Number of protein chains: 2
Amino acid sequence: MTTPPLGLRDQKKLARREAMIQAAVRLAVERGVENALIEDITAAAGVSHRTFSNYFGGKAEAIAARHLDRARGVAEALRARPAGEPLWDAITHAALSPYKADRKRPDPEWTASIRLMTSEPSLLGEFLKTNAIAERELAEVVAERTGTKVTRDLYPRLVAATVWAAVEVATDKWLSTAKPAPITQLVRNALRQVAAGLPDPSAG
Amino acid sequence: MTTPPLGLRDQKKLARREAMIQAAVRLAVERGVENALIEDITAAAGVSHRTFSNYFGGKAEAIAARHLDRARGVAEALRARPAGEPLWDAITHAALSPYKADRKRPDPEWTASIRLMTSEPSLLGEFLKTNAIAERELAEVVAERTGTKVTRDLYPRLVAATVWAAVEVATDKWLSTAKPAPITQLVRNALRQVAAGLPDPSAG
DNA sequence: GAGCAATCTTGCACCCCACGCAAGATCCCC
DNA sequence: GGGGATCTTGCGTGGGGTGCAAGATTGCTC
């Protein structure tokens, strides 16, 4: 995909970033977000306190970084779908694409970070921000596909916002249920409902 | 509505809270969020630095407080709609209820705070958190209305999330357009679209 | 209406954290 | 292999969040 032969410098950057993200999530899970000092994280990642600030705006951003990468993939995946495919079919495929790499269960580290961000108030804002970024990018692709304009029409943004709403609700359900259905099925189900306009179930 | 005769103590609390919120928004607009120190805000509101922390978790929370109050009203308004009314009609009325108190144009202080929160990255997270809280409350009311359960069914949360998505997109459009249509019309329009399932406009 | 208990504000102190700056290290490329 | 670009690092500073205890204010009761 995006692999213009990477120089040594950028390789190290990626490795450092990865190390910091992983250390941040691990320590935050192990001992709680408050007790995972940035100093600890940077020590575990083998970088200086100052470098951490060069990479991330704060602890929350580091923890959300993995999810951000994943979430952005949805817009990218939609762009890769065949042009003739019906919109909501393409969207459904795109929304499920992050789970393609997972074998059976979603990546445990991703799951842990989501669980962390949705339960810790100090992280929730960053989590929602992350989704907002991905949503914005998705709206752009939807606009391309449907011949609408993000700046002019409500449509592409409504679609993107609705899709992310469905993904978030499905994910939350999956996380909070004892023996949940596969997350892909929950997402599919949620998308089907929003695409159908969510008619009142109690109104016959 | 919720006016169980207020004691002197609670009156002062409300007044202090109000003063802090107003000072926070005003100063943040005037000189930028970064340059509006909490010290300045508390000085303007006539309270101590420490008291501010007793009321709000941070600058962002204080600025978002007005919007939070407003946003929570939507769930409350939905609960007040007649039981027989079709769901999406009731929702539309509820979503428009915050604008009832405005004469012609929405409250300028509210507008300013929204503009601030959506443009300043350091505030965006708190803004989204605020909407998430309101969304959660809305889902609860939708569940009551439709005989569903928030913990069991995707439906009420999907509806709430979709409604807020529509409101946010409409608001954003209203804020970013030179001579926008009335915000109530934009919200109505957005809700109509999501309730119709957002069919692909380019697919005949 | 006076005193007592509950609640809240305030100041103090401490620690975490974000960021500007300048110097040193590392990498890229010719 | 050398010069220029880029990045890491350490230092210093200032803002901000919070536990704690003391002082002030309110509410309640007799």
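Below, all heavy atoms of this structure are taken into account, side chains as well, without hydrogens, waters or symmetry copies. Just so we're clear, the structure is a prediction, and the values are computed from it rather than from any experiment. Every chain is numbered from 1 and lettered A, B, ... according to where its sequence line falls, protein lines coming before strand lines.
- Rounded to the nearest 0.5 Å, atoms NZ (B/Lys129) and CD (B/Glu61) are 6.5 Å apart.
- B/Met20 has its CE atom 15 Å from the P atom of D/dG16, to the nearest Å.
- Rounded to whole Å, atom P of D/dG16 lies 15 Å from atom CD of B/Glu61.
- The existence of a salt bridge linking A/Asp40 and A/Lys59 is excluded, since no basic side-chain nitrogen approaches an acidic carboxylate oxygen closer than 4.0 Å.
- Listed by residue number, the members of residues 26-38 of chain A with any heavy atom below 4.0 angstrom from DNA chain C are A/Leu37, A/Ile38.
- For the atom pair CG (B/Leu123) and OG (B/Ser113), the distance works out to 10.0 Å, reported to the nearest 0.5 Å.
- One finds the CD atom of B/Glu109 at 14.0 Å from the NE2 atom of B/His67 (value rounded to the nearest 0.5 Å).
- Panel note: side chain A/Trp164, backbone B/Ala165; no donor-acceptor pair is recorded below 3.5 Å.
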Taking protein heavy atoms under 4.0 Å as touching, what does nucleotides 4-12 of chain D look like 5' to 3' if B marks base contact, S marks sugar-phosphate-only contact and - marks none? -BBSBBBB-

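- Tested against A/Met117, the residues A/Thr130, A/Leu124, A/Leu128, A/Ile63 include a single side chain to side chain contact (heavy atoms under 4.5 Å, CB included) partner, A/Ile63.
- For B/Phe52 and C/dC8, the CZ to P distance is 18 Å, given to the nearest whole Å.
- Atom OG1 in A/Thr184 sits 8.0 Å away from atom NZ in A/Lys100 (nearest 0.5 Å).
- Applying the 4.0 Å criterion to OP1 and OP2 of D/dG16, one finds that B/Lys59 has a side-chain N or O inside that range.
- Each of B/Gly57 and B/Lys12 was matched to the nucleotide of DNA chain D holding its nearest heavy atom; the match closer to the 5' end belongs to B/Gly57.
- Using a distance-only test at 3.5 Å, with no hydrogens or angles considered, no donor-acceptor pair links the side chain of A/Thr177 to the main chain of A/Trp174.
- Put simply, CD on B/Glu39 is 12 Å from P on D/dG14, counting in whole angstrom units.
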